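Throughout, protein chains are lettered first and strands after them, A, B, ... in sequence-line order, and every chain is numbered starting at 1. Just so it is clear, the model here is predicted, and its values are computed rather than measured.
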Amino acid sequence: MSSHTIAVHLPDGSVREVPAGTTPLDIANSISPRLAAASVVARLTPVTAAAQATPAGEGQESEASMYAAEQAGAPRLVDLSTPLTEDTRLELVTEKDTEALKVVRHSAAHVLATAVLELFPETKLGHGPATDAGFFYDFYREKPFTPEDLAAIEAKMAEVVARDEKFVHEFEPREKALAEFERDGDFMKTHFVTRFTEPGSEVSFYRNGKFVDFCRGPHVPSTARVKAFKVTNLAGAYWLGDEKNPQLQRVYGTAFFSKKEMDEHFARLEEAARRDHRVLGKQLDLFSIQDLAGAGLIFWHPKGAMIRKIMEDWMREECLRRGYQLVYTPHVARVNLWQTSGHEGFYAGNMFTPMELDDAMYRMKPMNCPFHILIYKNSPKSYRDLPARYAELGNVYRYERSGTMHGLLRVRGFTQDDAHIFCMPSQIESEVAACIDFAEAVLHTFGFKEFKVELSTWDPNDRAHYAGSDENWNLAIRSLDNVLKAKGIPYKTIAGEAAFYGPKIDVKLVDVLGRLWQLSTVQFDFNLPARFELEYVGEDGERHQPVMVHRALFGSVERFFGVLIEHYAGAFPLWLAPVQIGLVPISERHAEYAAKVEAELKAASFRVETDLRNEKMNAKIRDFANQKTPYILVFGDKEAAAGAVSVRTRGKGDQGSMPLADFIAKAKELVASQSTEL
RNA sequence: GCCGACGUAGCUCAGCUGGUAGAGCAGCUGAUUCGUAAUCAGCAGGUCGUCAGUUCAAGUCUGACCGUCGGCUCCA
């Protein structure tokens, strides 16, 4: 076997001739023991394919990338102990590589499973992958784990790590492995082996100490390389994600290369918790959810309502500027309407149950589309009327299951900044381009610098599943494609992700913590124009069916507001702050000057609050600061005499005294430019 | 909806193995009139999520329901 030598190409361009059977670890050791110690796994690229550089094109990423390791010629990760049998490019993957962290986490999941089986031998194993934030392992057992069990599991994991057990890659004939899993009642492992391996093949296992798991690997060399880990929480998860299946115990944990990195991770989580819009919503008195009224129903308090008013005013103005027409429609409609739209059939499960009135059954609207369609249909339309763009901040109500609500982000009653564009096929591309422009304007105006775009298209192999003509689908997808390309916006195409009624573009914004939020969406609808028999008379005098584009940019005003709160951690830019300026008279004898300052600021359209309480100035400053008020103006005898104010800027502290008129001019400028700076 | 945890004054939280509730902040009253992140004192605030049950006795134990949180699933 090791009779011949192979060529191993290293990243520095050097080539080593070594006997076949040499491992990456051997090579690492021969370079330097420190490199060997720092290496986690190895990345192999066949020399033949490596000649052509892999085109890492934007928009190329797809579901298939998950299986990239399976493709011939693509790089793959292997254990450091894997014998090399042919010429290859070799890269030793150290802790600097993001792939390496996933390997550590996956190995940590094995350590977790090892610990669980030692403590609770009756447990059946599901699977244990690495995730973006850590790892989990699914277990099945009659009795759920308790928080105390988790602590015991974590302690046992530390023992497994201390034992420094080698991860050994082993193979077993598939049928033998299956027989053993079936004998032991390991129904989940049986499923995975059956599903992911070929009959007659050798099945891959990893062993550490007495623990063996069906696994493709790769793994770190030994359990001691799982240096920093923590079991974080416990949750239920359905077997195969189907709620009809038994519920598993999913134990979550996370792992890092070092304690320091793990501490930073938990510090980030704390930062996210500090920004939690539900907590800030209470602290800043922005909104509430009332038990007496019901879950998922939002009460906007005066300060939250002020921000909402500013958002809505901006949105309506912008719609008018961009050629939309504003409409208002009811919150309920007869069931007949929902039958015509089809919602009664395919969306009923997400709708509030019908209510009976004397003349008919009614339902709350879950979407605005049918209403806008009725407006369109109310009078005959000519091609001269198109595109018709109807916009509404429409309140919709959807039945969300009780466990799924989440603050402002997932609710039962919400407001969509909804618009429907009825146009001719020839107008599609310019309309889509305008929508994308608008979406960018929304994000930039509200202070988001980054976003990601996804194009969801159909699965042409499943044609029967989709409404609308091939012609329309192709035209729509092509125009969505064209617009994104023309604008140079990087995007990801996801085939088969479109709704049955049309393709769509989703815009996900990235907040200051790097989290993704799905908000804006631009969707084609080939279904409703047909159901409602929409038409317009063309230049040719014939009747045609218009194309309908549905778009929401905030997505939902509630959700957008929730994301805004977290993005700014409650410290809103001046133009959005519910109270822009807090006035702090130093003692009661300055109340008169306070009234004068307040009047001048209000005359300049600022939102002002004066603290006339019999409190020390420090307490007043503190209270305004805790409310994240952008500007606090302090004044006493000196300022009153000079017609000045002492300006304290949020995040910057005392800026010294300046004439009130100067402050007003500066603040006006910041509001006008919707600045995020103070 | 499902699994797990939780629900005590407006807010944040104490209350051990059952013996009819506490603190800080906020609020109110009074004193203090203050120069850049909490002045002092006093007063008032709760049928301990709801409804049943066990018990001589329930915030504490049991059950159901409502809600919240972490997930699953789903989605704007």
Side-chain angles (χ1 to χ4, degrees), chain A residues 136 138 143-147 149-150 232-252 273 276 278-279 282-283 285 288-296 347 349-350 366-368 394 396 398-418 499 506-508 517-521 523 550-560 562-563 584-591 613-627 632-639 646-650 652-657:
Chain A
F136 65 80
D138 281 342
K143 252 200 307 187
F145 292 120
T146 65
D149 291 340
L150 287 195
T232 51
N233 59 327
L234 174 68
Y238 298 107
W239 167 232
L240 300 178
D242 187 335
E243 63 184 338
K244 292 184 204 75
N245 284 333
Q247 190 137 19
L248 310 175
Q249 306 274 316
R250 178 167 292 180
V251 178
Y252 283 89
D276 190 314
R278 295 165 300 186
V279 176
K282 209 179 263 183
Q283 271 169 21
D285 198 17
S288 65
I289 297 166
Q290 304 283 336
D291 281 10
L292 194 56
Y347 206 71
N350 288 304
M367 296 183 188
N368 303 298
V396 296
R398 297 184 187 173
Y399 169 71
E400 298 291 349
R401 298 202 284 177
S402 61
T404 61
M405 263 84 73
H406 181 92
L408 292 171
L409 304 180
R410 186 80 188 275
V411 295
R412 281 186 175 154
F414 60 100
T415 311
Q416 289 182 310
D417 63 312
D418 212 354
D506 285 329
V507 181
K508 300 189 174 188
W517 302 94
Q518 153 74 76
L519 296 155
S520 310
T521 180
Q523 309 190 349
H550 165 116
R551 77 34 359 174
L553 304 179
F554 287 146
S556 117
V557 176
E558 284 75 6
R559 180 178 285 183
F560 196 85
V563 174
V584 176
I586 288 176
S587 84
E588 279 175 4
R589 72 171 177 279
H590 306 117
R613 288 176 308 166
N614 178 9
E615 281 290 348
K616 293 190 72 163
M617 163 191 117
N618 282 344
K620 298 181 186 181
I621 289 173
R622 183 168 195 276
D623 287 346
F624 277 126
N626 283 337
Q627 287 296 303
I632 301 171
L633 303 185
V634 182
F635 41 82
D637 293 336
K638 280 184 287 184
E639 288 79 4
S646 174
V647 179
R648 194 188 163 93
T649 305
R650 184 180 63 203
K652 293 182 183 167
D654 186 2
Q655 304 291 294
S657 177

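Nucleic acid contact class of K638(A) (heavy atoms, under 4.0 Å, all strands): base. As judged by a 4.0 angstrom heavy-atom cut-off over every strand, N350(A) is placed among residues making no nucleic acid contact. Residue-level contact check: R250(A) touches the backbone only, with heavy atoms under 4.0 Å from sugar-phosphate atoms and none from bases. Residue-level contact check: E615(A) touches the bases, meaning some heavy atom is under 4.0 Å from a base atom. Base engagement by G236(A) is indicated by at least one non-hydrogen atom pair under 4.0 Å involving a base atom. Residue L248(A) is out of contact with every strand shown, counting any heavy-atom pair closer than 4.0 Å. The residue N626(A) sits close to a base: some heavy atom pair falls under 4.0 Å. At the heavy-atom level, V411(A) lies under 4.0 Å from base atoms of the strands shown. At the heavy-atom level, Q518(A) lies under 4.0 Å from the strands shown only through sugar-phosphate atoms.
Between Q283(A) atom CD and rA37(B) atom P the separation is 20 Å, expressed in whole Å. One atom, CD of Q249(A), and another, C1' of rC72(B), lie 12 Å apart when rounded to the nearest Å. The interatomic distance linking K616(A) (NZ) with rU33(B) (C1') rounds to 10 Å, in whole Å. The interatomic distance linking R613(A) (CZ) with rU33(B) (P) rounds to 18 Å, in whole Å. Atom pair W239(A):CH2 and rC3(B):C1' shows a separation of 17 Å (rounding to whole Å applied). Going from atom CG of N233(A) over to atom C1' of rG4(B) covers 10 Å, rounded to whole Å.
Taking side-chain N and O atoms only, H406(A) has no distance below 4.0 Å to OP1 or OP2 of rC75(B). In terms of phosphate contacts, R278(A) brings a side-chain nitrogen or oxygen within less than 4.0 Å of OP1 or OP2 of rC69(B). Phosphate proximity of rC34(B) to R589(A): present, with a side-chain N or O under 4.0 Å from OP1 or OP2. The phosphate of rU12(B) (OP1 or OP2) has a side-chain N or O of K282(A) nearer than 4.0 angstrom.
A distance-only check finds a donor-acceptor pair linking the side chain of R398(A) to the backbone of P366(A) [under 3.5 Å].
Summary of the strand contacts: F554(A) and G656(A) both lie near RNA chain B, and taking for each the nucleotide with the nearest heavy atom, the more 5' one is attributed to G656(A). Both A237(A) and S520(A) sit near RNA chain B, but only A237(A) has its closest nucleotide nearer the 5' end.
By the 5.5 angstrom centroid cut-off and the 30-degree plane limit, Y252(A) is classified as not stacked against the base of rG71(B).
F635(A) is linked by a ring-ring contact (aromatic ring centres under 6.0 Å, His included) to Y593(A), counting only residues two or more places apart in sequence or in another chain.
Between S402(A) and R412(A) there is a side-chain heavy-atom pair separated by less than 4.5 Å. Between T521(A) and V507(A), the closest side-chain pair of non-hydrogen atoms is not below 4.5 Å. Counting heavy atoms from C-beta outward, F554(A) and L519(A) have side chains that stay 4.5 Å or more apart. The shortest distance between side-chain heavy atoms of R613(A) and D623(A) falls below 4.5 Å.
With rC3(B), rC72(B), rC34(B) as the candidates, the nucleotide lying closest to the side chain of S587(A) is rC34(B). You'll find that the side chain of R648(A) is closest to rA37(B), out of rG35(B), rA37(B), rU73(B). Distances were taken from every side-chain heavy atom of A619(A) (C-beta onward) to each of rU73(B), rU39(B), rG70(B); the shortest belongs to rU39(B). With distances taken from any side-chain atom of R398(A) to the nucleotides rC72(B), rA76(B), rA37(B), the minimum falls on rA76(B).
A distance of about 31 Å separates the P atoms of rG24(B) and rU68(B), rounded to the whole Å. Spacing between rG49(B) and rC69(B) at atom C1', rounded to whole Å, works out to 15 Å. Between the C1' atoms of rC34(B) and rC13(B), the separation comes to 32 Å (whole Å). Rounded to a whole angstrom, the distance from the P atom of rU39(B) to that of rG67(B) is 42 Å. Comparing the P positions of rC65(B) and rA5(B) gives a spacing of 16 Å, expressed to the nearest Å. Annotation: rC40(B) and rC25(B) have their P atoms spaced 8 Å apart (nearest Å). Comparing rG7(B) with rA44(B), their P atoms are spaced 29 Å from each other, to the whole Å. Between rA21(B) and rG53(B), the distance separating the two C1' atoms is 23 Å to the nearest Å.
Under 3.5 Å, the side chain of R559(A) and the base of rC75(B) form at least one donor-acceptor pair of N or O atoms. Residue-to-nucleotide contacts include a donor-acceptor pair under 3.5 Å from the side chain of E639(A) to the base of rG35(B).
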Between N or O atoms, less than 3.5 Å apart, protein on one side and nucleotides 63-67 of chain B on the other: list the pairs.
unit_1	atom_1	unit_2	atom_2	d
rG67(B)	O2'	D291(A)	OD1	2.9

